[in-house]
Asker: 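Would you mind keeping the following structure in view while I ask a few things?
We count residues from 1, following the sequence as given.
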Amino acid sequence: MEEMLFYDRMQFAFTITFHYLFPQLTMGLSLIIVYFKWKYLKTQNEQYNHATHFWMKIFALNFAMGVVTGIPMEFQFGTNWAKFSELTGGIIGQTLAMEGMFSFFLESSFLGIFLFGEKLLGHKWHFVTGVLIMIGSWASGYLIIATHSWMQNPVGYEILENGKFVLTNFKALFLNPWLWPSYLHNQAASLVTSSFVVAGIGAFYILSQKNVSFGKLFLKTGVIFGLISSIIVAVPTGDLLAKNVVKYQPVTFAAMEGIFHTEKRGSEIVLIGQPDVKDKKLDNKIAVPNILSFLTYGNWDQEIKGLDQFEEDLHPTNISGLYYAYHIMVGLGTVFIGLMVLSLFQLIRGKLFETKWILWSLMFMMPFPYIANTTGWYTAELGRQPWLVYNLMRTAAGASPTVSSGNTLFTLLGFIGLYLLLGMLFLLLIGKIINKGPHHVELSTEKI
């Protein structure tokens, strides 16, 4: 059973990790595309319109990859996790169906119109179409996270005699206190990814002396959006989400922060340390006393429960993985804010486009928001273990008893091979779009 469960989890983890590389760009990028189109309507500068079309090509390719890689995950609910689907389908089936019927259809329908219908619609309706694509994209994220939030903090449900969960309060599902902080945190993180990609490609154009005017536009836009979204990820959304974990999943918070033993006079915040789960300690730690208590409760001396206050069968099953995922996410988020602050400072001084070390840094940092987003999701998922539905259904109880570990491993290897080919094709196509660049236009007198 343990081997079967391991491969079930590995397969879902791999497929969802690969899949989420694409929506995390499209959700944030849809807002930036709408911004470019709005700027065109306001200024009539053709450069903004060509920027809109350039980024919509990248959006469309990411969207297609997201669709292709998202379909296998839905099948896994019926194969590897059939028991989970059977028992909770009355709740999660509703939000997932709404995501497919409303959000996905809205986004996909208007995407084709946006790509090919500009001349027929005119620029104002073309802009409206872009807004509808953004709404569909963001609504899709909302409904997915509503499902995830119910698994983290189940509300508005009843368990029947046959063990099935049914929804008794539809309003409670969408007013879940876990939902809005999670959703806003996720969307801001998506915008961080998009901003770094936009800024990084802009830096590439400037450094390579190719499409320099567009490079300056992309760099300026990416830096401004990137700084705002990086701050929002930390405060208030990250802070609110962490306080939710303290309130509803205190054992998870203890594992995230590496608190093995309760500290009576306030908890330190660990900057660096390696968890030794066997001996219940952190090795080689560098910590600042009492800061964690202040950040969490606004009280320097407030006690925060350690793992020693909870039964071991309630501890997260992978404490080390959870600890590192959380600290990588937080560490990278701090780096993002610092780099964007420096970039904006140089932009205000009028020296950003000539500051090569910042341009190289922005180019180099493009993959790291993807890593931060991935480790953020790992933090949420590893933190919920050993539960599928927190405190109600253990992960082992949701797996399909009739799908063997050998079958799951075989299909996992198939996914790895197929996704490797898809990933290489995607990078090749993206490379061609970037290399070709936006359509050349004559600049207006407006300063970029």
Side-chain angles (χ1 to χ4, degrees), residues 149 152-153 176-189 192 226-277 280-310 314-316 319-342 372-373 375-380 382-384 390:
S149 297
Q152 296 282 6
N153 182 48
N176 190 338
W178 196 281
L179 173 55
W180 277 102
S182 299
Y183 174 65
L184 295 176
H185 185 69
N186 183 82
Q187 299 309 101
V192 170
L227 178 59
I228 294 171
S229 57
S230 295
I231 292 173
I232 292 174
V233 165
V235 180
T237 64
D239 179 62
L240 290 172
L241 190 52
K243 287 175 179 176
N244 260 352
V245 177
V246 173
K247 182 177 181 180
Y248 297 105
Q249 298 181 10
V251 64
T252 300
F253 188 77
M256 284 165 49
E257 295 287 358
I259 306 173
F260 288 96
H261 303 284
T262 303
E263 299 168 15
K264 299 294 183 182
R265 296 182 179 179
S267 291
E268 61 191 10
I269 189 167
V270 177
L271 304 179
I272 297 175
Q274 299 87 50
D276 182 346
V277 179
K280 296 180 173 56
K281 64 176 183 176
L282 285 175
D283 294 330
N284 309 310
K285 71 176 180 180
I286 299 175
V288 182
N290 297 76
I291 292 292
L292 187 61
S293 292
F294 178 76
L295 292 176
T296 306
Y297 292 104
N299 182 350
W300 297 96
D301 299 320
Q302 179 68 44
E303 174 187 300
I304 295 179
K305 290 182 178 180
L307 289 169
D308 59 342
Q309 299 294 307
F310 304 93
L314 298 179
H315 290 185
I319 293 173
S320 296
L322 172 60
Y323 172 88
Y324 283 122
Y326 173 68
H327 280 81
I328 289 171
M329 174 189 69
V330 172
L332 286 176
T334 305
V335 172
F336 298 157
I337 293 174
L339 180 56
M340 285 301 182
V341 167
L342 289 172
N373 271 273
T375 52
W377 273 104
Y378 282 5
T379 299
L382 292 173
R384 194 181 64 245
Y390 196 73

Asker: Could you check Asp301 against Ser293 for side chain to side chain donor-acceptor pair (under 3.5 Å), going step by step and ending with a plain yes or no?
Answerer: CA-CA 7 Å; Asp301 299 320; Ser293 292; over 6 Å; no

Asker: What distance do Leu307 atom CG and Ile319 atom CD1 have between them, rounded to the nearest 0.5 Å?
Answerer: 5.0 Å

Asker: Between Leu227 and Ile231, is any pair of side-chain heavy atoms under 4.5 Å apart?
Answerer: yes

Asker: Specify whether Trp180 and Tyr183 have parallel, tilted or perpendicular ring planes, treating 30° as the upper limit for parallel and 60° as the lower limit for perpendicular.
Answerer: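 Judged by the thresholds at 30° and 60°, the geometry between Trp180 and Tyr183 is perpendicular.
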
Asker: Does the side chain of Glu257 come under 3.5 Å of the side chain of Tyr326 through a donor N or O and an acceptor N or O?
Answerer: yes

Asker: Quick one: does Glu303's side chain have a donor or acceptor within less than 3.5 Å of a partner on Thr262's backbone?
Answerer: no

Asker: If you measure from CD1 on Ile286 to CD1 on Ile269, what distance do you get to the nearest 0.5 Å?
Answerer: 13.5 Å

Asker: Can you see which heavy atom on Tyr390 is nearest to which on Gln152, and at what distance?
Answerer: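 Where Tyr390 meets Gln152 most closely, the heavy atoms are CB-O, 3.3 Å.
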
Asker: Could you note down all residue pairs passing salt bridge (Lys or Arg N to Asp or Glu O under 4.0 Å) where residues 241-255 supplies at least one of them, sequence neighbours left out?
Answerer: Asp239-Lys243

Asker: Just do the side-chain contact (heavy atoms from CB on, under 4.5 Å) check on Asn153 and Asn244 with the steps written out, would you?
Answerer: CA-CA 10 Å; Asn153 182 48; Asn244 260 352; over 6 Å; no

Asker: Would you name the heavy atoms of Ala372 and Phe336 that are closest together and state the gap between them?
Answerer: CB-CE1, 3.8 Å

Asker: Minimum heavy-atom separation for Ile259 to Ser267, with atom names?
Answerer: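 That would be CD1-OG, 4.4 Å.
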
Asker: Should Tyr324 and Thr375 be marked as a side-chain contact (heavy atoms from CB on, under 4.5 Å) after you check the CA-CA gap, both sets of side-chain angles, and the distance that decides it?
Answerer: CA-CA 8 Å; Tyr324 283 122; Thr375 52; over 6 Å; no

Asker: What I'd like to find out is whether the side chain of Val245 reaches to under 4.5 Å of the side chain of Trp178, using heavy atoms alone.
Answerer: yes

Asker: Nearest 0.5 Å please: distance from the CE atom of Met329 over to the CH2 atom of Trp377.
Answerer: 12.0 Å

Asker: Under the criterion side-chain contact (heavy atoms from CB on, under 4.5 Å), I'd like the reasoning laid out for Val246 against Tyr297: C-alpha separation, chi angles, the key distance, then a yes or no.
Answerer: CA-CA 10 Å; Val246 173; Tyr297 292 104; 3.1 Å; yes

Asker: For a 4.5 angstrom cut-off between non-hydrogen side-chain atoms, does Leu382 reach Pro316?
Answerer: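 The answer is no; the side chains never approach within 4.5 Å.
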
Asker: Is any side-chain heavy atom of Thr237 closer than 4.5 Å to a side-chain heavy atom of Pro181?
Answerer: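 When only atoms from C-beta onward are counted, Pro181 and Thr237 do not touch, as no gap falls below 4.5 Å.
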
Asker: If we only count heavy atoms from C-beta on, is the His315 to Val251 side-chain gap below 4.5 Å?
Answerer: yes

Asker: I want to check something: taking the side chain as every heavy atom from C-beta on, are Met256 and Thr379 in contact at a cut-off of under 4.5 Å?
Answerer: yes

Asker: Which pair of heavy atoms, one from Ile232 and one from Ala188, lies closest together, and at what distance?
Answerer: CG2-CB, 3.8 Å

Asker: Kindly say whether Trp300 contributes a backbone atom to a donor-acceptor pair with the side chain of Asn290 at under 3.5 angstrom?
Answerer: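 Between the backbone of Trp300 and the side chain of Asn290 there is a qualifying donor-acceptor contact (under 3.5 Å).
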
Asker: I'd like to check Val233 versus Ile337 (side-chain heavy atoms, cut-off strictly below 4.5 Å). Are they in contact?
Answerer: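 No, every pair of side-chain atoms sits at 4.5 Å or beyond.
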
Asker: Is there a side-chain contact between Ile272 and Gln274 (heavy atoms, below 4.5 Å)?
Answerer: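 Yes, side chains in contact.
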
Asker: Looking at His261 and Lys281, would you say the former's side chain and the latter's main chain have a donor-acceptor pair under 3.5 Å?
Answerer: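 No, because the side chain of His261 does not come within donor-acceptor range (under 3.5 Å) of the backbone of Lys281.
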
Asker: Please give me the minimum heavy-atom distance between Val277 and Ser320, naming the atom from each residue.
Answerer: CG2-OG, 3.4 Å

Asker: How many angstroms lie between atom CD1 of Ile304 and atom CG of Leu292, to the nearest 0.5 angstrom?
Answerer: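 Answer for the CD1-CG pair, Ile304 versus Leu292, is 4.0 Å.
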
Asker: So, taking the atom named OG1 in Thr334 and the one named NE2 in His327, what distance separates them when rounded to the nearest 0.5 Å?
Answerer: 10.5 Å

Asker: Thr296 and Phe253: side-chain contact (heavy atoms from CB on, under 4.5 Å), yes or no, with the steps?
Answerer: CA-CA 11 Å; Thr296 306; Phe253 188 77; 3.8 Å; yes

Asker: Shortest non-hydrogen contact from Tyr323 to Ala255?
Answerer: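 For Tyr323 and Ala255, the tightest heavy-atom pair comes out as CB-O, 3.9 Å.
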
